[in-house]
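The figures here come from the full heavy-atom set of this structure, side chains too, leaving out hydrogens, waters and symmetry mates. From a predicted model like this one, the values you see are computed outputs, not experimental measurements.
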Amino acid sequence: MPVAGIDIGSRTAKAVIMEGEKIISSHIGETILKGPEVGIAVLNESLKLAGLKIYDMECIIPTGYGRFQFTGGEKHISEISCHARGIHWYFPTVRTIMDIGGQDSKAIKCDSDGRLTNFILNSKCAGGTGRFLEVIADILEVPVDKLGELSLLSRQDISFSTVCVIFAKTEALNMLRDGVPKSDIVAGLHDSIAKVAASMLAQVTVEKDFSLTGGVAKNSGVVAKIKEKIGIDPLIAPDPQLIGAVGAALFALDRVRRRQTA
Amino acid sequence: MSQILKTLDPFKKINTEFPFASPIKDWKKSGGKVIGFFGGDVPEEILSAAGVLPIWLRGPCSEVPLDAANAYLHMYSCSHMRSIFEIALKGDYSYLDGVMSTPYCDGTRRLYDVWERYMPAPAMLFLHTPHKNTSEAEAFHYQNIEEFVESLERVFQKKITDEALREAIRTYNKTRKLFNRLFDLRKKNNPPVLGSEVIEIYNASAMMPRKDFNILLENLINEAKAADRMPNNCPRLMINGTALHNPEYVKGIEDLGSIVVADSLLNGAMSFTDLISEDENTDPLLAITRYYLNKFPAPRMVPSEARFNRILEMAEQFHVDGMITGVVRYCAPHIYDEIRLSKRFEARGIPSLRLDLEYGMAATGQIKTRVQAFVEMIEERKRKG
Amino acid sequence: MDHSLWLKAVKNLEDLTSHVLPKVTSSGEKAYYELYTAYFQKVTQAMTEGKEIAAHSTFVPPEIFHAMDMVPVLIVSSSGAMTVCTRNYKDAMETSRGYGVPLETCSAHRIQLGHFVKDWFPKPKLIVHMGAGCDAFSSSGGVSADLYDCPDFYLDVPWEYSERGLKYLADEFGRLIEFVEKVTGRKMDWNRLKENIARTAEMTRLYREIAELRKAVPSPMESRRAWQSYWMYWINAGTPEGVKWFTIVRDEVKGRVEKGIGAIPNEKLRLLDLFMPPQFSFRLQDWMAKDYGALFVNESIVFQWGEEEIDPSNPLEALAMRYFMAPMTRCIMGSSKDFINDSIKVVREYKIDGAVFWAQNACRQSGIIRSLKDALSEQAGIPTLVVDCDIMDPTFVTVEEMQQKLKDFIEILSERIVRRSN
Ligand code: SF4
Ligand code: SF4
């Protein structure tokens, strides 16, 4: 009895189809489309991959920023609950999760059942998010997915005096002009993001095990810095971007099960 | 919630007429004076006994640009006070015969200063309230109030008699008694009134003569009592924090699968729970003095524990599953209050969520995500037992 | 308890003092380093010897604790000073943020709470806080008391000066003394309290004398000395050290006036400081004086006194009177009229060319800026520059950014003066 979870973020949308706790297909798409269409588009892609049709879905649950616009779901669930649930599925021992997404970041705590116990979301600004990295990567003319590697070459500690994207941009430009190596700038940037993360984690208190999710979790530089700050090796899921959608699909499974027993 | 409360309509209508609602217009038309006030401890009973209509000033129920107000009050003043001044600067409060405030916080006193300096109303009134309820504070405040009564008599050329004061106390108490009945209904398993609807009622209370308001409220209670609105088992929330007036904010919270059953808002339970003594042998000014020093304490009052215990008690009485505290940016009294209160809630196993707001805001964007996750968290807890 | 930060800060302060003292020529500056360091050393000594400490917010009279043989320590200023001495701004601010203190309150209090969360602040027997200054002032003490789980007392302050307000405040001081007696088992030594207050009256007299002397042209006193004096007035209230400080400063200032010399060699612009400048460094003021001959000759928030005298024979009323008459409490409590009128008066009496308001991030007092600026322009004929800054966070607005603004303003003022003299 297949179900679907769709995570409609501000920059990418992801869909996961699950059957009996197994992922049978998934798809990640850019959110060039606006509104509900993007959810449908990624869902269709993953249905195609699974060789299924939309009416085969026993339950569909949307999450993420665009969840309110998505009308085909049974119920929408916040991405925070979905993240906790998704990570717990991959790593049942995890109690603390740091999700660094494209536009926002969140620190999440959950219990042994993967249920949310505490969380915080960063405020309006993009400081400490994936967006922050992109802006600076652009200035430095380095592809985002090469930032991690590059930062490992850094020889000196640089610190940005701000996590505000706008100011950091100016600062990075000044550093470039002063001949500071790109690797050092990037490392300093990663350090800033790690600081924001560590400060958010401190607000919920870190408990083992710890997992890092979201696009930024693919950046080895940031991962290393966060590890350094909180002193725990993060567990990283195979595709850290899919966690929200997986969580949504798991909630869909729950509903189907509850229906069956009722 | 299937059924709609018809008796809510008159409140809603008045609120859509903000800031110059028809009851205020009618009052003015019949030659009555109107005083607009802000700050939490203005003795409306005395203003009313002077034959004046006190109205509690607020900003609009939406987040509006505050360009005019920003020129007078730096942006580190809270947007609550700046929103009020924005309306005043546009001339929409020009019908006021007087403006009154108290040093409730730096926000209110600085707004008063600026108002007095740049666009003084015919009467500008200010009353200090101590932060304690000791016997010395009572003696001190009694004198403050006496002096205030004299100044009011001077301004409006009218003697404020004990009889008029007693009458005003009875009318304002009537409101409070009715609200207590309404609050009792909210303690039930399936509250017949939504938190967002209660905000509409609070808002109307600030913009009309109390006698008329009492009739409307009584009607509403009678309908709500008999109403068979859908029972539900969703998480029961209490809202706390900076005074708030936008029903859409509360509706946004309730639309995400919760019901707001209680509040400790200055413009709500804090002002409508306790009663002034109606004892015929007590000097009415003394009764008023005591009330304002002993009522449901605001964050400014000490010792703070009295306030915290009061709120925790309410949480118990209203079977509250979680608390949401909305704090308007730079609202220091509530910033610090939230820090201390949330720790006490959590110690009792009641989760709490702080939302950083601007005045007038509805629940949108990230706020929705936070609230939804919070509600889901409570649901999970309840499911687990 | 984690005393390491406090000890390190005091050590840094001692090192700085021994490093700086030999180079300092001004007797006032010398005295400052000595007395300031001694204040913290006394607390360290109390910590190691187990003497009872009373932590209190600014404006709570330390005379009371001295008379009861306790060691007073200011909460917000001391935690701030410890942060400045160890440069741990980020750590302190991040810590309080982690505890749930949002960025929308001023950094002085965020830093204070960081110290309490981390147990860096000396453990007091009791905490006394006060409803004076601003909302952050009157609210943060309660959080500190929560964190240290120690008995606290809140002093209620009347809105403004009046006879009955004076009595109410005097009664509050009486209640405070009862509270301290109950918590500590100590007894108030009333004679000692009177002696302390007599010294406070003497300090006040000297303070006012200095204010008079500062009207001289060229100005005989550095602006940093004014701020130092204000803090000295509170941290050493009622002590021989306090009297010593004001005597030294008075003598130095008087000497300069008699000789007709200024605090800086070529005074060109006389400025009025309207609010607390950033507290982490005096670099800005030094730079303005040195590069432009622009000197703050009065700071109306800390250098304008009310008129009434302080009479030690009735100690509680004397303390209440001092509260109402002292600068700062006098102008930031109550209506903004006193602050505005004081500032106008100062402009005339001190022959001031322009004013600077330091608009502190998240500051609760910023609602006064527009009124002050307009009043000074309309009634005193001088322009006011508003400098955005942060009281304790050196990264919020950098010194360079502030310098740019000040530089432009100084240029405008200089042109005005040239035009006026033509
Ligand atoms: S309590 Fe807060 S929101 Fe209300 S006036 Fe004061 S500072 Fe503004
Ligand atoms: S800077 Fe402003 S907010 Fe901070 S303590 Fe001073 S008056 Fe209060």
Just checking [X]: does its [atom1] atom have more than 12 heavy atoms from other residues, nucleotides or ligands closer to it than 6.0 angstrom?
X         : atom1 : value
Lys187(B) : NZ    : yes
Lys229(A) : NZ    : yes
Lys251(B) : NZ    : no

Heavy-atom contact with chain B under 4.5 Å, split by part of [X]:
X         : result
Asp111(A) : side chain
Ile108(A) : neither
Tyr65(A)  : neither

Problem set entry | Contact origin within Ile378(B) toward chain A - heavy atom pairs under 4.5 Å | neither
For this session: Mind listing the closest non-hydrogen atom pair of Phe119(A) and Arg370(B) along with its distance?
Result: CZ-O, 3.3 Å
Problem set entry | Residue among Ile120(A), Asn118(A), Ile77(A), Thr117(A) with most heavy-atom pairs under 4.5 Å to chain B | Ile77(A)
Problem set entry | Contact check, side chains of Leu116(A) and Glu379(B), non-hydrogen atoms, under 4.5 Å | no
Exercise. Would you call Arg67(A) and Thr369(B) a side-chain contact if the rule is heavy atoms closer than 4.5 Å?
Worked result: yes
Problem set entry | Main-chain N/O of Ser81(A) paired to Glu380(B) side chain as donor or acceptor, under 3.5 Å | no
Problem set entry | Short side-chain to backbone donor-acceptor contact, Gln366(B) and Leu121(A), under 3.5 Å | no
Exercise. How about residues 244-260 of chain A versus chain B: which residues have heavy atoms under 4.5 Å apart?
Worked result: Phe251(A), Arg258(A)
For this session: Drop me the distance from Glu376(B)'s CD to Cys82(A)'s SG, to the nearest 0.5 angstrom.
Result: 7.0 Å
